[in-house]
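Below is one structure, written out as structure tokens; comments come after it.
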Amino acid sequence: MCIKHKLLIMRNIYLSAFVLLVYTNHLYANEPSELGFLYKQVIDAPKNKSYNDTISKVIEVKDKYKGDLQSQFAINQPLTTLYSYVGQYEKAISFPTDDPLITEDLIESLFPISAVDKILTMSKETQIVMINEAHHIALHRTLTTSLLQKLWSSGYRYLAIETLSKRDVDINIRGYAIERSGTYSNEPVYAEMIRTAKKLGYQIITYDDSSGNEREKVAAKKIYNASFSINKNAKVIIHCGYSHILEKNLKDKRTWLANELANLTGVNPLTISQTNLMESKTLEFENPIYNKILNKFNPINPTILTDNLGAVWSTMPGQHDVDVIWPRTTYTNTRPDWYIKNYDLISFEGKWCRDKYPCIIEIRRENELNAVPFDRLRIERKPNEKIVLRLPSHKSIIFGFNEHGEQVFKGPTKNH
């Protein structure tokens, strides 16, 4: 499905990029009491509303490792993930989490087309669609969400999700994510993806609860048992992180989920990457070809490049099928436009924080207060500009939490 091109240099330190795997032996050896528990901080923050305290703790550790590039990269993984949880999107994309992937490609003969339309067409040639994400970039979840209705119409009935925990045995009954459902699912866009899938009728598959050398094999078996073993004609969407979509690994001998599934099912999956061509607030942290593509094609929606015969372009031919290119994020009232568009909005009021900062504001559906919030925003200091939060279509409640996670405000939204 790919156009051949020359991949000159690969310098991606964290191809796996599941945060638990990021903390290397090098880091543990340096200061296990500090670096070894950063991922646990990410897990614990939603449980006790300790986002502010947790972010401060991670920043303190980061400051201790100035000049240590490898440690900085690893620390940035939980830090940027935490920023994504609390709606601070610009901060989430402001730090390097990898060395940029350097490529040399001839894109002059390629053409931009709608990623959603092309993926839908390609999905009809397979029974498995795999879409990856960077765990700190909430935007990546919107691609899967935008495809759910269209893929349902094409016969897809299962959504396998990496982050979900086996502890939440009722998610298919309940129909929405709660705090214990998983790790990254505590981010509002991720939670809405799950809610959308359940509303359409998808069966959610929890598969990623093992580690070590058997992780990919066990995951593939669980997906198979929950879908293909029941119906050999099943069609499955898999939303996962980074390298799990690799059909072939040219870097080392590790076999990733896409390859394990192909071996188990005999199905050649459609593998879609969003993680090689990502925006950053600092250009030096980007793959150089990303900016080149934006300058040439000026995309306004998620885009795929093809040649005049319709063959799709990939930064890693033979390893994954196609790359999705997103335009740069624009902002209105401090929030990403892609995040707030098509929603009713409400302007922030200082009384929600009792005029003390930093604080966390959450918008929750009135009839599902145990669900992951529809919106969550961390406000670091008294605003000098308008700030908005998005509202669901149902009646909703505003919650305010102080810097230590203590509730200081609760009240209905005015337009409800």
Side-chain angles (χ1 to χ4, degrees), residues 5-15 17 19 22 55 58-59 62-63 65-84 86-108 110-112 115 132-143 189 241-243 272-305 313-316 320 322-339 380:
H5 75 290
K6 191 173 183 180
L7 185 61
L8 294 181
I9 305 172
M10 286 190 62
R11 297 189 296 133
N12 193 335
I13 293 179
Y14 304 110
L15 276 174
V19 176
V22 169
I55 288 171
V58 176
I59 291 174
K62 180 180 170 65
D63 289 342
Y65 288 86
K66 289 181 179 178
D68 183 341
L69 188 60
Q70 186 177 4
S71 294
Q72 290 285 305
F73 282 161
I75 296 167
N76 285 337
Q77 290 282 341
L79 181 58
T80 56
T81 299
L82 286 165
Y83 281 137
S84 76
V86 296
Q88 292 186 285
Y89 192 74
E90 281 193 275
K91 286 182 176 291
I93 63 171
S94 294
F95 300 95
T97 54
D98 289 312
D99 277 340
L101 179 70
I102 307 300
T103 68
E104 181 179 319
D105 281 285
L106 298 175
I107 62 170
E108 301 304 319
L110 301 179
F111 305 91
N132 78 353
E133 69 163 30
H135 295 311
H136 64 293
I137 298 186
L139 172 67
H140 289 169
R141 290 142 195 174
T142 67
L143 177 64
V189 180
Y242 293 86
S243 299
I272 302 158
S273 175
Q274 301 183 87
T275 60
N276 278 350
L277 301 173
M278 299 188 292
E279 76 168 321
S280 172
K281 292 295 291 182
T282 304
L283 291 181
E284 67 181 284
F285 301 150
E286 292 180 350
N287 184 326
I289 202 171
Y290 172 68
N291 198 48
K292 182 178 179 181
I293 290 171
L294 295 191
N295 289 337
K296 179 173 176 58
F297 300 114
N298 192 29
I300 59 175
N301 293 306
T303 296
I304 283 172
L305 300 183
W313 174 82
S314 168
T315 56
M316 300 171 68
H320 68 247
V322 62
D323 287 83
V324 171
I325 301 104
W326 285 92
R328 293 198 185 280
T329 301
T330 56
Y331 299 83
T332 301
N333 299 132
T334 78
R335 311 304 298 279
D337 287 328
W338 60 261
Y339 184 77
E380 294 187 31

Test of understanding: with ring pair (Phe, Tyr, Trp, His ring centres under 6.0 Å), list the residues that count as partners of Tyr89, not counting sequence neighbours.
Trp338

Are the side chains of Ile325 and Phe297 in contact, using a 4.5 Å heavy-atom criterion?
no

Within a strict 4.5 Å, meaning less than it, do heavy atoms of the Met278 and Tyr290 side chains meet?
no

Using 0.5 Å steps for rounding, measure from the CG atom of Asn76 to the OG atom of Ser71.
10.5 Å

What residues, two or more places apart in sequence or in another chain, satisfy side chain to side chain contact (heavy atoms under 4.5 Å, CB included) together with Asp63?
Ile59, Lys66

Less than 4.5 Å apart, any side-chain heavy atom of His136 and any of Phe95?
no

Taking all atoms of both residues into account, what is the closest heavy-atom pair of His140 and Ala134, and its distance?
ND1-N, 3.0 Å

Do the side chains of Thr329 and Pro336 get nearer than 4.5 Å, heavy atoms only?
yes

Separation between OH of Tyr339 and CG of Asp337, rounded to the nearest 0.5 Å
13.5 Å

How close do Ser280 and Ile93 get, counting heavy atoms only, and between which atoms?
OG-O, 3.1 Å

Please give me the minimum heavy-atom distance between Thr315 and Trp313, naming the atom from each residue.
CG2-CH2, 3.5 Å

Test of understanding: with side chain to side chain contact (heavy atoms under 4.5 Å, CB included), list the residues that count as partners of Ser273, not counting sequence neighbours.
Asn132, Ile245, Thr275, Asn276, His320, Asp323

Which residues pass the side-chain hydrogen bond (donor to acceptor under 3.5 Å, both in side chains) test with Gln274, sequence neighbours left out?
Trp326

Where Arg141 and His135 come nearest, the two heavy atoms and their spacing
NH2-O, 3.0 Å

I want to check something: taking the side chain as every heavy atom from C-beta on, are Leu294 and Pro299 in contact at a cut-off of under 4.5 Å?
yes

Scan for salt bridge (charged side-chain N to carboxylate O under 4.0 Å, His left out) pairs involving residues 325-336, sequence neighbours excluded, and state none if there are none.
Glu286-Arg328, Arg335-Asp375

Interatomic spacing from OG1 in Thr81 to CD1 in Ile137 - rounded to 0.5 Å:
10.0 Å

Scan Leu305, Thr303, Leu110, Asn287 and name whichever one has a side-chain contact (heavy atoms from CB on, under 4.5 Å) with Ile293.
Leu305

Would you please name every residue forming a side-chain hydrogen bond (donor to acceptor under 3.5 Å, both in side chains) with Gln88, sequence neighbours left out?
Arg378, Glu380

